Q: 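Following this message is one structure expressed as structure tokens.
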Amino acid sequence: MFNAETIRKEFPILDTCIYGKPLVYLDSGATAQKPRRVIDKINSLHTSCNANIHRGAHYMSNACTSEYEEARERIRAFIHAPNVRNIVFTSGATASINLVAASYGEAFIRKGDEIIVSQMEHHSNIVPWQLLCQRTGAVLKMLPFNEEGAIEMERYEQLLSEKTRIVAITQASNVLGTMPPLRKIIDLAHAAKAVVLVDGCQGIVHAPVNVEELDCDFYVFSGHKLYGPTGTGVLYAKEKWLEAMPPYMGGGDMVGRVSFERTTYAELPLKFEAGTTNYIGMIGLGEAIAFLNTLDLPSVHAHERRLLAYASERLNAIDGLRIYGTVPGKCSIVSFNVEGLHPLDVGMILDKTGVAVRTGTHCAEPVMARYGITSMVRASFALYNTIEEIDALGKSVELAIQMLR
């Protein structure tokens, strides 16, 4: 059995008190807290070994370059990519998706082509495709989900056609927790000669990832949801696409040779890493991966499933409370509303009791529209959460109902 109480000692911020109450942090779906070793690694780089990578001839530059590339190898191994050439460092999943939409879109998308995006996507996996359609004349097709939060696979098969070029799909909904059947979605897309981009921001936290087994063309995630620093992200892409795609940005580090007559580009993956990257942040993300590699991840994921099951039972027992997203096999996210109460009011009262949750649209307005509402309360659980914290959530919701009614 995974011991959350032991692991909590690795996260200094969890000792914080809010309004005199112990912090109950249930907003890891927005950003996860950082273990001490990640904090210490970043601090040590800033204080003893900070120098720009890939350029210097001196010790600190070489040391940072080595750690930066070591982080790339750790990430490659963590998602089971075939080569470090497949791993592009970015500022986050949003930047990764925009890179693909701009670069792959420039090379391969034309007027009349179709792009399928699911209804449960984060805005970051909707807007870049809308912008691409505006630039090229391509057509965006929406893949709906049903009342329980499951992707409508029959409709998906109907949407696929010889015009489909890209399918963009989440590994796990940041609102509903739904984990779509990725392998089937990818196989059907490939049969239609379309490529697939998977948004792994939530999924990589709560389930193992093997991009070769999935056979996805692109996979993206953000470091700050995976216990790493903010401003860090990863794009995995099949090498054939990275070779065929033009650079997304121009500048230092992505060039081979530059003249006013002609510029050549660096080898992969540096072709897509223009300028001074957030190298300290990416080394910090590598340290977060190293931290996760010390854990028994199947036990971690089982612990999170127990939290989800207990939270669902506890909250469902509250009169007038509705949970959105009830598909079996979902990840540890519970979004809900209480009849007659505004989610923001509920969230503010929870905050006064030390319970940190998210309220609003969660950057997923089409999900809200699907249910005919404007916002939800979201509690998202991580490896450091406990059953006692779920009880604190339930009691705080009951207090909010008592106060607001």
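The model shown is predicted, which means the values in this text are computed figures rather than measured ones.
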Q: Regarding R8 and D15, does a basic nitrogen lie under 4.0 Å from an acidic carboxylate oxygen?
A: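 Salt bridge between R8 and D15, a charged N being under 4.0 Å from a carboxylate O: no.
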Q: List the atom of S380, the atom of G29, and the distance in Å for their closest heavy-atom pair.
A: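 Between these two residues, the closest heavy atoms are OG-N, 2.7 Å.
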Q: Evaluate the criterion salt bridge (Lys or Arg N to Asp or Glu O under 4.0 Å) for residue pair R314 and E398; output intermediate values, then yes/no.
A: CA-CA 11 Å; R314 179 70 177 83; E398 290 166 344; 3.0 Å; yes
Q: Just wondering, more than 12 heavy atoms not from R405 lying within 6.0 Å of its CZ?
A: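 Result for CZ/R405: enclosed.
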Q: Using the side chain to side chain contact (heavy atoms under 4.5 Å, CB included) definition, which of the options L270, N278, I75, T232 pairs with F89?
A: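 The side chain to side chain contact (heavy atoms under 4.5 Å, CB included) with F89 is passed solely by I75 among L270, N278, I75, T232.
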Q: Output all residues satisfying salt bridge (charged side-chain N to carboxylate O under 4.0 Å, His left out) with E67, sequence neighbours left out; order by chain, then residue number.
A: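 By the salt bridge (charged side-chain N to carboxylate O under 4.0 Å, His left out) rule, E67 matches K41.
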Q: To the nearest 0.5 Å, what is the distance between CD1 on I166 and CD1 on I115?
A: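 Answer for the CD1-CD1 pair, I166 versus I115, is 4.5 Å.
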Q: Step by step, work out the side-chain contact (heavy atoms from CB on, under 4.5 Å) result for N86 and E239.
A: CA-CA 6 Å; N86 303 107; E239 192 168 331; 3.8 Å; yes
Q: Does the side chain of W129 come within less than 4.5 Å of L132's, by heavy atoms?
A: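 Yes, side chains in contact.
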Q: Listed by chain and number, what are the salt bridge (charged side-chain N to carboxylate O under 4.0 Å, His left out) partners of E273, not counting sequence neighbours?
A: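 In terms of salt bridge (charged side-chain N to carboxylate O under 4.0 Å, His left out), with neighbours along the sequence ignored, E273 is linked to R72.
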Q: Do the ring planes of F291 and Y227 sit parallel (below 30°), tilted (30 to 60°) or perpendicular (above 60°)?
A: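 Taking Y227 first and then F291, their aromatic rings stand perpendicular (interplane angle over 60°).
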Q: I need the minimum non-hydrogen distance between S173 and L176, along with the two atoms involved.
A: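 Closest approach of S173 to L176: OG-N, 2.9 Å.
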Q: For the atom pair CD1 (I373) and CD (E365), what is the distance rounded to the nearest 0.5 Å?
A: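 With rounding to 0.5 Å, CD1 (I373) is 11.5 Å from CD (E365).
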Q: Would a 4.5 Å heavy-atom cut-off, applied to side chains only, mark C201 and H122 as touching?
A: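 They are not in contact (no side-chain heavy atoms under 4.5 Å apart), so the answer is no.
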Q: Should R85 and E243 count as an ion pair when the cut-off is N to O under 4.0 Å?
A: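 Yes, charged N to carboxylate O under 4.0 Å.
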Q: To the closest 0.5 Å, what do you measure between OG (S332) and CZ (R306)?
A: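 Those atoms lie 12.0 Å apart.
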Q: Starting from the C-alpha separation in whole Å, work towards a yes-or-no answer on side-chain contact (heavy atoms from CB on, under 4.5 Å) for Y384 and S28.
A: CA-CA 10 Å; Y384 40 64; S28 296; 2.6 Å; yes
Q: With a 6.0 Å cut-off on ring centres, are H54 and Y68 close enough?
A: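 Centroid distance H54-Y68: below 6.0 Å, so yes.
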Q: Answer yes or no: are there more than 12 heavy-atom neighbours, outside N83 itself, under 6.0 Å from its atom CG?
A: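 Correct, the count exceeds 12.
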Q: Can R183 and E213 be counted as an ion pair, charged N to O under 4.0 angstrom?
A: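 Between E213 and R183 there is no salt bridge, as every charged N stays at least 4.0 Å from the carboxylate O atoms.
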Q: Measuring from atom CG of L341 to atom CG of L321, what distance do you get when rounded to the nearest 0.5 angstrom?
A: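 Rounded to the nearest 0.5 Å, the CG-CG separation comes to 9.5 Å.
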Q: Check I151, N174, V175 against M120 for a side chain to side chain contact (heavy atoms under 4.5 Å, CB included) and give me the one that passes.
A: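 Of I151, N174, V175, side chain to side chain contact (heavy atoms under 4.5 Å, CB included) with M120 is met by I151 alone.
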Q: Which distance, rounded to the nearest 0.5 Å, do you find between the CZ of F108 and the CE of M245?
A: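 F108 atom CZ to M245 atom CE measures 8.5 Å (nearest 0.5 Å).
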Q: A side-chain contact here means heavy atoms from C-beta on lying under 4.5 Å apart; do L308 and E304 qualify?
A: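 When only atoms from C-beta onward are counted, E304 and L308 do not touch, as no gap falls below 4.5 Å.
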Q: Taking the six-membered ring where the residue is Trp, are the ring centres of Y236 and F78 under 6.0 Å apart?
A: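 So the answer is no for these two rings.
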Q: For A71 and G286, work out which heavy atoms get closest and say how close.
A: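 Result for this residue pair: CB-CA, 3.8 Å.
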Q: What do the steps show when you test D217 against K240 for salt bridge (Lys or Arg N to Asp or Glu O under 4.0 Å), and what is the final call?
A: CA-CA 9 Å; D217 299 274; K240 66 178 180 179; 5.3 Å; no
Q: Are the side chains of N50 and Y279 in touch, meaning some heavy atoms are under 4.5 Å apart?
A: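 Heavy-atom side-chain distance check passes, below 4.5 Å.
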Q: Do the side chains of D391 and K395 get close enough for a salt bridge, i.e. N-O under 4.0 angstrom?
A: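 Salt bridge between D391 and K395, a charged N being under 4.0 Å from a carboxylate O: no.
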Q: Less than 4.0 angstrom from a charged side-chain N to a carboxylate O is my criterion; do E287 and R74 meet it?
A: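 R74 and E287: salt-bridged.
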Q: Measuring from S61:OG to I53:CD1, what's the distance to the nearest 0.5 Å?
A: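 Taking OG in S61 and CD1 in I53, the distance rounds to 8.0 Å.
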